[in-house]
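Reminder, nothing fancy here: chain letters follow the sequence lines and each chain counts from 1.
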2 protein chains.
Amino acid sequence: MTLKLDKVNRGPHLSTLVASSISREIAQGRLKPGDQLPTEAALATTFGVSRNVVREAIARLRSEGRIWSQQGRGAFVAESNNPTVLTIDYETLQRADSFRNLFELRGILEVQAAALAAKRRSDADLKAMGDALSGMRAAPYGSVAWLRSDLEFHRTVAEATRNSYMGQFLVFVSERVRESILAAGNQQKSDDMARITLGEHERIFAAIRNGDVEGAQAAMRDHLAGAALRVGLHDGEAAAEAAPVPEVPSPVRHSRLRKAIRGQA
Amino acid sequence: MTLKLDKVNRGPHLSTLVASSISREIAQGRLKPGDQLPTEAALATTFGVSRNVVREAIARLRSEGRIWSQQGRGAFVAESNNPTVLTIDYETLQRADSFRNLFELRGILEVQAAALAAKRRSDADLKAMGDALSGMRAAPYGSVAWLRSDLEFHRTVAEATRNSYMGQFLVFVSERVRESILAAGNQQKSDDMARITLGEHERIFAAIRNGDVEGAQAAMRDHLAGAALRVGLHDGEAAAEAAPVPEVPSPVRHSRLRKAIRGQA
DNA sequence: CAATCAGGGTTGTATGATAACACGACAACG
DNA sequence: CGTTGTCGTGTTATCATACAACCCTGATTG
């Protein structure tokens with residue numbers, strides 16, 4: 001048996017701890033927008049780490065848009081909560097209503113993507129979709145290969161919109177949804193479902209091939225409604241039950257510093 | 001006259017350039033999931049920067065979930081194309097077709113958000129929207145206060161969807177669009193536009209207040225079509241002549257290195 | 001054959017030094 | 001008095017080097 005210990009060692013680098021610590025200061029309002037952070041040297045001594053570590057932490061916060069810095073002046077808390085990156089908190093997603101919201105957003109994107117795809121698809125797109133469908137027919141329902149083909153089909157639809165951002169967003173949202181479903185692990189499989197799911201996909205494909213915008217939207221909407229049911233979401237306004245994720249303890253290294261950092265939070 | 005020279009110094013830190021470069025390698029498939037990256041020392045020499053810079057770049061990519069690293073072994077491209085964050089490259093957005101794509105995506109989200117808002121808005125939501133509209137009436141067109149009120153109105157609409165992810169995504173996309181418009185700076189203002197824009201907002205507000213889903217969608221669609229024109233995008237399928245943003249010559253520092261990095265993209 | 005251990009390679013961290021830049025103080029100048 | 005030029009100080013950005021922690025491999029040893 002292969003134990004699964006991966007994904008556990010969620011990188012407890014020092015820079016991560018420092019970044020989290022500063023992040024908390026900002027989130028809890030002890031550092032207000034526009035405020036200047038202490039100098040790198042000062043942060044290094046207060047945290048008891050090297051200036052290098054502080055710099056990596058600041059680089060990270062800067063890339064997240066939380067702070068900005070200018071050579072010769074200092075680092076400052078960003079004015080507006082205007083993050084340059086969009087991130088979805090894994091823990092939040094465990095809440096049923098959050099999951100339903102994300103599923104709703106995915107639905108909106110998928111349906112409109114289907115509409116655009118029906119308008120703009122090229123022959124190459126149609127071939128790619130067809131290949132993905134073949135892959136789904138060949139693989140057993142729920143297998144890895146099947147899932148890959150499923151994802152592939154949706155990806156090709158997104159691609160056919162000729163809008164790369166549509167693809168990016170869709171993939172991002174779908175991935176989060178998929179993760180959450182896998183974590184919950186409460187999906188029952190059956191041969192019936194295989195047939196039904198495949199049929200839904202084929203209707204989407206046909207509509208897109210025929211350039212039937214409304215049909216593609218409708219077919220995609222049906223597919224997502226079906227998927228919602230299969231995942232345990234009552235359609236409409238009802239809530240889903242997602243299993244909470246177990247807390248994972250992180251291995252202890254640099255315990256002295258960590259304690260110092262954690263302590264002052 | 002107040003010249004606008006801010007926002008130009010978009011942080012071209014070396015670590016940013018290195019991170020972008022590696023990111024591209026991954027996105028374009030030259031580095032496949034599971035692949036091991038060159039060692040930090042190797043990257044440092046190939047990029048012609050210090051190992052410290054490389055480390056900051058890697059720290060950033062790691063925090064974005066694109067790669068993971070283990071002490072003593074090396075850094076590896078993350079298995080699933082499972083970036084935990086979604087980012088929009090500022091440079092890419094300068095291309096007219098990219099901007100049009102993002103604008104299209106924004107439109108989709110706004111229109112559907114308007115629909116959901118018409119279904120789910122509460123009295124508090126309506127009051128907030130009304131306040132935002134008042135703010136727009138009071139402020140001169142194009143002023144900072146006006147822009148703030150405009151943003152505020154759209155934010156309240158997103159809020160009324162009762163779907164926090166919708167709000168997050170919408171704000172994120174809108175911010176990028178707004179930044180790009182400001183950077184281009186090719187918007188002409190007139191009193192007519194003030195009246196027209198305000199009227200568009202009021203129609204959206206009215207439809208949402210009346211719970212008119214289709215009307216809200218239509219009004220929002222009109223508003224966005226208008227906004228597209230005002231920004232210089234031809235509506236529909238026509239290509240946009242978004243004035244290509246003037247290349248901002250970043251003050252020359254480390255020009256040799258930059259060239260090397262840019263060159264190998 | 002199995003366990004141990006030595007060595008090299010790699011990342012994580014520390015430290016010091018230098019360059020680039022911002023800002024205020026202050027003098028020189030009109 | 002106001003403006004401009006210069007300089008010194010403080011800060012970030014980058015470089016360079018060294019060491020610690022850790023992984024992997026392979027030889028040594030019992």
* What's the CD1-P distance between A:Ile58 and D:dT12, to the nearest Å? -> 7 Å
* Residue A:Asn52, side-chain heavy atoms: nucleotide from C:dT15, D:dA18, D:dC23 that is nearest -> C:dT15
* For atom CD of B:Glu40 and atom P of C:dG12, their distance in whole Å -> 6 Å
* Structure fact -> In short, the helix from C:dC1-D:dG30 to C:dG30-D:dC1 is bent end to end, axes from five pairs each side, to 10°, by 10°
* Set of salt bridge (Lys or Arg N to Asp or Glu O under 4.0 Å) partners for B:Arg73, sequence neighbours left out -> none
* Gap between atoms CH2 and C1', on B:Trp68 and C:dG12 respectively (whole Å) -> 16 Å
* To do: State which residues pass ring pair (Phe, Tyr, Trp, His ring centres under 6.0 Å) with A:Phe172; sequence neighbours excluded, sorted by chain then number.
  => none
* Please give, in whole Å, the distance from D:dA16 P to A:Arg55 CZ? -> 15 Å
* Donor-acceptor pair between A:Ser15 and A:Arg60 side chains, under 3.5 angstrom -> no
* Structure fact -> Picking from C:dT10, C:dA14, D:dC15, the nucleotide nearest the side-chain atoms of B:Thr39 would be C:dT10
* Could you work out which one of C:dA14, C:dA22, D:dT12 sits closest to the side chain of A:Arg73? => C:dA22
* Quick one: list whatever passes salt bridge (Lys or Arg N to Asp or Glu O under 4.0 Å) with B:Glu152, sequence neighbours left out. => B:Arg155
* **Integer-rounded Å distance: D:dA13 P and B:Arg60 CZ** => 13 Å
* **Partner set under side-chain hydrogen bond (donor to acceptor under 3.5 Å, both in side chains) for B:Asp97, not counting sequence neighbours** => B:Arg95
* Asked: Donor-acceptor pair under 3.5 Å: do we get one between B:Arg51's side chain and the base of C:dG12?
  -> yes
* **Listed nucleotide nearest any side-chain atom of B:Leu14, set D:dC15, D:dC23, C:dT15** => D:dC15
* Between P of D:dA13 and CD of A:Gln71, the distance in whole Å -> 6 Å
* Who passes side chain to side chain contact (heavy atoms under 4.5 Å, CB included) against B:Asp35, sequence neighbours left out? -> B:Leu31, B:Lys32, B:Val77
* Structure fact -> Atom CD of A:Gln36 and atom P of C:dA22 are separated, to the nearest Å, by 14 Å
* Side chain of B:Val53: nearest nucleotide among D:dC15, D:dA13, C:dA22? -> D:dC15
* **Whole-Å distance separating the CD atom of B:Glu56 from the C1' atom of C:dT13** => 14 Å
